[in-house]
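These numbers come from a predicted model, not from an experiment. The figures that follow rest on heavy atoms only: side chains count, while hydrogens, waters and symmetry mates do not. Residue numbering restarts at 1 for every chain, and letters A, B, ... go by the order of the sequence lines.
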There are 2 protein chains.
Amino acid sequence: MQPAPDKAPRTQEERTAATRSRLIEATLDLLLSKGYAGTSTVDIAARAGLTRGALAHHFAGKDELVVEAFDKHLTMVTSDIRTYAGLVQGGSLSLSDFIDRVWIIFSGRFFMLTLEEVTAARHNDYLRVRLEKRTRVFHEHLDAIWRHFFAGTGLGALEIEVMLNATLCLLRGMGVQTVLRDDPVYFRRLLRFWKAILKEQIEGATRAASAKTPDPEPHA
Amino acid sequence: MQPAPDKAPRTQEERTAATRSRLIEATLDLLLSKGYAGTSTVDIAARAGLTRGALAHHFAGKDELVVEAFDKHLTMVTSDIRTYAGLVQGGSLSLSDFIDRVWIIFSGRFFMLTLEEVTAARHNDYLRVRLEKRTRVFHEHLDAIWRHFFAGTGLGALEIEVMLNATLCLLRGMGVQTVLRDDPVYFRRLLRFWKAILKEQIEGATRAASAKTPDPEPHA
DNA sequence: CCAGAAACATGCAAGCATGTATGTATGTAT
DNA sequence: ATACATACATACATGCTTGCATGTTTCTGG
């Protein structure tokens with residue numbers, strides 16, 4: 001195994017950052033394709049073009065790497081969802097399209113990674129403690145996004161949270177099913193159903209809200 | 001390790017059935033407490049009060065055992081849900097209580113087992129092929145239960161399936177969250193929200209059906 | 001330009017899981 | 001009661017993973 005010709009990382013700091021990043025990416029790839037238990041530190045190092053020695057130098061072991069990886073991909077997804085929510089608020093993305101995009105997230109790489117990490121965490125105290133903490137932060141971010149997102153629909157902050165969290169739970173549950181059920185029609189139907197529900201809820205709340213205040217909107 | 005004093009299984013057939021059953025139970029227990037990867041055939045045999053030799057005699061290996069175990073616990077859950085659905089139809093269980101009971105299933109042993117098996121199946125062709133097949137059967141049974149359950153609510157068969165499958169997906173997604181989020185209040189809220197939605201949907205459909213004709217078959 | 005530190009590689013020992021071969025006990029048919 | 005099949009136990013060899021100890025290369029500060 002040769003030193004892997006880096007582009008040209010001059011400073012040590014850059015080298016470190018680049019190497020750590022490569023190891024984390026390798027971890028995510030392998031977690032996805034071979035699962036937590038199926039991934040060894042040898043695999044990770046090899047995929048990153050390094051050896052186990054290098055890995056040991058940067059991370060205490062597999063679990064520390066997995067935590068870092070979890071963190072990274074939660075950050076990425078938070079950012080994606082925030083972007084989508086912004087587009088919806090700006091009017092350039094429909095609610096339906098928003099759901100579709102989030103569904104893509106929950107039926108793809110991201111969700112399968114969380115599935116691996118969550119099941120691993122069930123039997124690994126080190127992982128569980130750390131992933132719990134990061135999950136909490138993740139959900140706080142999401143709730144903030146929801147509140148911003150649906151501000152002014154006539155729904156209360158708590159209702160918004162519940163509704164959007166229910167949406168995520170639904171998509172999560174569907175995501176789990178995709179592993180053992182390859183049936184796009186089935187999933188399409190569920191999405192259509194849920195979109196209709198959401199529309200009803202939001203419209204209902206909007207009507208109710210505008211009926212109260214002297215806003216422009218005659219009631220039925 | 002002594003021969004483990006069996007009660008008094010005379011015939012070979014009885015001995016075999018008892019031993020296989022013990023091994024399957026041990027597998028389920030360990031899958032739950034230590035996960036798929038964390039469970040070895042040594043563990044399973046020991047917990048069943050046997051040795052690896054006995055295990056090898058009855059099952060080709062861990063995976064065959066896991067498939068059998070999957071089958072067994074799907075059967076148990078199908079039976080539970082069927083019972084609950086029957087109680088609802090008979091009027092001795094409210095829709096709300098029905099949801100609560102199914103939620104207990106999806107936040108407990110059953111679902112965690114599924115989670116283990118599903119994630120293991122993602123990287124194990126032997127498992128995936130077999131679990132896919134059994135999952136299909138499981139869902140056919142569920143759909144049959146749903147149709148029977150909600151017969152005469154004014155909803156079409158497809159709508160019933162979609163609605164109940166959405167319910168299961170929601171609970172599944174919530175189940176996944178329970179691993180890293182210990183927050184009963186949060187889950188209660190989601191349940192309450194969903195129960196309200198279901199009630200709305202069913203009442204809406206019932207009204208629409210009885211408003212049209214005594215014949216229940218509304219078209220789009 | 002030359003220590004010293006950080007980054008990275010290599011090698012070895014120990015633990016554990018599995019496959020398989022072979023030995024022993026328990027039932028069952030004649 | 002004897003012979004055979006089935007149920008179960010024991011033992012060994014192999015491969016894989018990890019921790020650790022020890023080299024070698026690459027950067028950085030004086």
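The side chain of A:Leu50 lies closest to C:dC8, out of D:dT18, D:dA9, C:dC8.
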Per-nucleotide pairing state of DNA chain C [Watson-Crick or G-U, under 3.5 Å; [ ] pseudoknot-crossing; | other strand]
||||||||||||||||||||||||||||||
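Below 30°, between 30° and 60°, or above 60°: for B:Trp146 and B:Phe149 the angle between ring planes is between 30° and 60°, a tilted geometry.
The closest side-chain donor-acceptor pair between B:Tyr84 and B:Asp100, if any, does not fall under 3.5 angstrom. Checked by atom type, the side-chain pair A:His58/A:Glu68 shows no donor-acceptor distance below 3.5 Å.
The shortest heavy-atom contact between B:Leu28 and B:Leu113 is O-CD2, 3.5 Å.
In this structure, A:Asp63 places its CG atom 12 Å from C1' of D:dT18, rounding to the nearest Å. For the pair A:Arg20 CZ and C:dC8 P, the interatomic distance rounds to 11 Å; values are reported in whole Å. For the pair B:Leu55 CG and D:dA9 P, the computed distance is 10 Å after rounding to whole Å. The CZ-C1' distance, from B:Phe59 to C:dA17, rounds to 19 Å in whole Å. We find that NZ of B:Lys34 is positioned 11 Å from P of C:dC16, with the value rounded to whole Å.
Between B:Arg189 and A:Glu161, none of the side-chain N atoms (NZ, or NE/NH1/NH2) sits under 4.0 Å from a carboxylate O, so this pair counts as no salt bridge. For the pair B:Arg122 and A:Glu116, the salt-bridge criterion is met [side-chain N within less than 4.0 Å of a carboxylate O]. One finds no salt bridge joining A:Arg47 and A:Glu25 here, because no Lys/Arg side-chain nitrogen approaches an Asp/Glu carboxylate oxygen to under 4.0 Å.
Between B:Ser40 and C:dC16, a side-chain N or O to OP1/OP2 separation shorter than 4.0 Å is absent. In this model, the phosphate group of C:dA6 is not approached by any side-chain N or O of A:His57 to a distance below 4.0 Å at OP1 or OP2. Distances shown here put a side-chain N or O of B:Thr41 below 4.0 Å from the OP1 or OP2 atom of C:dT18. One finds no side-chain N or O of A:His58 lying less than 4.0 angstrom from the OP1 or OP2 phosphate oxygen of C:dA7. Within the 4.0 Å cut-off from OP1 or OP2 of D:dA7, not a single side-chain nitrogen or oxygen of B:Thr19 is found.
The 5' end of DNA chain D is approached more closely, in terms of each residue's nearest nucleotide, by B:Thr16 than by the other of B:Thr16 and B:Arg52. Nucleotides of DNA chain C nearest to B:Gly53 and B:Asp43 differ in position, and the one nearer the 5' end is that of B:Asp43.
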